[in-house]
Amino acid sequence: MKLATLKEGGRDGTLVVVSPDMTRAVRATGVAATMQAALDDWDRVGPILHVLSDRLAAGPVEREFPFNPTIALAPLPRAYQFLDGSAYYHHMSVVRAARGAKVPDDFFQVPLMYQGVSDPMLGPVAPLRLTEDDGLGIDLEAEVVIITGDVPMGVSAEEAPRYVRLITLLNDYSLRGVIPPELARGFGFLQGKCISSMAPVAVTPDELGAAWDGRLLSGRYLVEVNGKRLGELEPGQDATFNYAQLIAHAARTRELRAGTVIGAGALANADHERYGSGCIAEERAHEQLKHGAASMPYLRFGDRVRMEMFGSDGRSLFGAIDQKIERYHRP
């Protein structure tokens, strides 16, 4: 089934079930008020939502309404935590090579992961607003993320897929001009990872069929900047670690509460000529390594970013993230 959150009912919005073609929706009234409420009580609520989804797929239902991304918040507008990895070697290796750094020696043994900004998550068409655009190095990062149920501490990678409740797309905005001096101080990200945004719809694993193998999602992930293709990536290829391994890594010393968002980091495929890039920093690194200098600019006010993933039948899986970069004005 496909689930989304409407821009109504406060900061956490209102949970809706969305039709398979993402053109119609119905509120989950009396079942779960919000996405987090559904995740907290998934064993009871999930089957009821599935019945509602089946009815919606079969034809018109009472109180349905037209659905489109402009009426949606992020599926999970306020997540309890967002844990992001860097599981695609060809992203990490080329970006570090361009600045003369190396990949950690244990990269292939232990996943890289940090705790990112989870409140709020921007909706699919909400602009990214910043007070300045000069020197920040505003960058996008195309990702696939999973949203978990309650995960016990010490869960194994073999057990982990059963705790995946939902899957969606995420744009993890990064400020490349801010990150290096932050990391140089030895205390991790704060200002350099400003906020992230989600696709309009989150999808249960069964809805994705063979595209989701319990560990990675396959399909065509299109990334555009100002209408020009940056990447047309295949997330199911070239990952050093899969989501089951990332869940197990995150839960090594803690329980994960329902609503935890876990990403595998910026997408990157080994064949850059064919697939392009999942972020501007990587594209600039390829330019620098190939031509001696980078030419693609980072994002500025007025620029537009679009991300959308398609299944083998050519249909959109989650709808599109389609956002502009704008100046922030204090209320």
Side-chain angles (χ1 to χ4, degrees), residues 84-108 110-114 116 128 130 133-145 169-185 188-189 191-197 220-241 263-300 303-307 321 323 325:
D84 201 18
S86 185
Y88 288 88
Y89 173 76
H90 299 283
H91 166 72
M92 179 64 65
S93 61
V94 73
V95 170
R96 293 202 173 195
R99 67 172 192 260
K102 67 174 187 175
V103 173
D105 292 337
D106 62 354
F107 181 86
F108 293 98
V110 183
L112 292 171
M113 184 172 284
Y114 73 94
L128 172 67
L130 295 165
D133 66 348
D134 186 30
L136 293 183
I138 306 168
D139 197 1
L140 59 93
E141 288 193 28
E143 300 196 29
V144 173
V145 294
L169 306 185
L170 181 133
N171 181 2
D172 175 32
Y173 282 111
S174 299
L175 305 181
R176 303 298 181 187
V178 178
I179 288 173
E182 272 201 320
L183 294 184
R185 300 182 69 200
F189 295 118
Q191 295 170 339
K193 291 288 189 176
C194 53
I195 203 166
S196 296
S197 56
R220 182 171 66 94
Y221 197 131
L222 180 62
V223 184
E224 296 177 332
V225 177
N226 296 326
K228 295 181 179 180
R229 173 189 179 271
L230 177 63
E232 202 162 345
L233 302 139
E234 170 47 271
Q237 294 179 189
D238 304 320
T240 302
F241 296 99
L267 303 179
N269 292 120
D271 188 348
H272 174 260
E273 292 298 320
R274 176 180 177 184
Y275 293 106
S277 300
C279 72
I280 295 173
E282 184 185 328
E283 187 64 21
R284 287 172 57 87
H286 279 289
E287 292 171 342
Q288 181 176 329
L289 294 171
K290 188 174 182 178
H291 305 295
S295 60
M296 184 175 184
Y298 286 114
L299 300 170
R300 303 296 296 265
D303 287 342
R304 182 175 290 277
V305 173
R306 183 180 175 89
M307 300 177 181
I321 297 172
Q323 299 173 305
I325 312 301

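Start at 1 with the first residue, then count along the sequence.
Under the salt bridge (Lys or Arg N to Asp or Glu O under 4.0 Å) criterion, the residue pairs touching residues 222-240 are R220-E232, R229-E232, with sequence neighbours excluded. Among pairs with a residue in residues 278-291, those fulfilling salt bridge (Lys or Arg N to Asp or Glu O under 4.0 Å) read E273-K290, at least two apart in sequence or across chains. Judged as a ring pair (Phe, Tyr, Trp, His ring centres under 6.0 Å), the pairs with a partner in residues 273-294 (not counting sequence neighbours) are, in order, H272-H286.
Here L175 contributes atom CG and Y298 contributes atom OH; the two are 10.5 Å apart, rounded to the nearest 0.5 Å. If you take OG on S277 and CG on L233, they are separated by 7.5 Å, rounding to the nearest 0.5 Å. Going from atom CD1 of I179 over to atom CG of L136 covers 11.0 Å, rounded to the nearest 0.5 Å. Annotation: the span from N171 atom CG to L128 atom CG amounts to 8.5 Å, rounded to 0.5 Å. Here L230 contributes atom CG and R306 contributes atom CZ; the two are 14.5 Å apart, rounded to the nearest 0.5 Å. In this structure, L299 CG and L140 CG are separated by 5.5 Å, a value rounded to the nearest 0.5 Å.
Qualifying side chain to side chain donor-acceptor pair (under 3.5 Å) partners for K102, counting only residues two or more places apart in sequence or in other chains: D105. Residues satisfying the side chain to side chain contact (heavy atoms under 4.5 Å, CB included) test with V103, not counting sequence neighbours, are Y89, M92, S93, F107. With sequence neighbours excluded, no residue forms a ring-ring contact (aromatic ring centres under 6.0 Å, His included) with H90. Taking D106 as the reference, P104, Q109, V110 meet the side chain to side chain contact (heavy atoms under 4.5 Å, CB included) condition, with sequence neighbours excluded. Legend: residues meeting side chain to side chain donor-acceptor pair (under 3.5 Å) with N226, ordered by chain and number and at least two apart, are D303. Partners of F189 by ring-ring contact (aromatic ring centres under 6.0 Å, His included), not counting sequence neighbours, listed by chain and number: Y114. Legend: residues meeting side chain to side chain donor-acceptor pair (under 3.5 Å) with S174, ordered by chain and number and at least two apart, are E141, K193. With sequence neighbours left out, the side chain to side chain contact (heavy atoms under 4.5 Å, CB included) criterion links A264 to A87, Y88, Y243, L246. Under the rule for a side chain to side chain donor-acceptor pair (under 3.5 Å), R96 has no partner lying at least two apart in sequence or in another chain.
The minimum heavy-atom distance between H91 and S86, with the atom names listed, is CD2-OG, 4.2 Å. Of all non-hydrogen atoms in V223 and A142, the two that sit nearest each other are CG2-CB, 3.6 Å. Between M296 and I280, the closest heavy-atom pair is CE-CG1, 3.9 Å. Between P235 and L267, the closest heavy-atom pair is CG-CD1, 3.7 Å.
Between the side chain of D139 and the backbone N or O of R176 there is no donor-acceptor pair closer than 3.5 Å. Formation of a donor-acceptor pair under 3.5 Å by the E143 side chain with backbone atoms of G263 is not found in this model.
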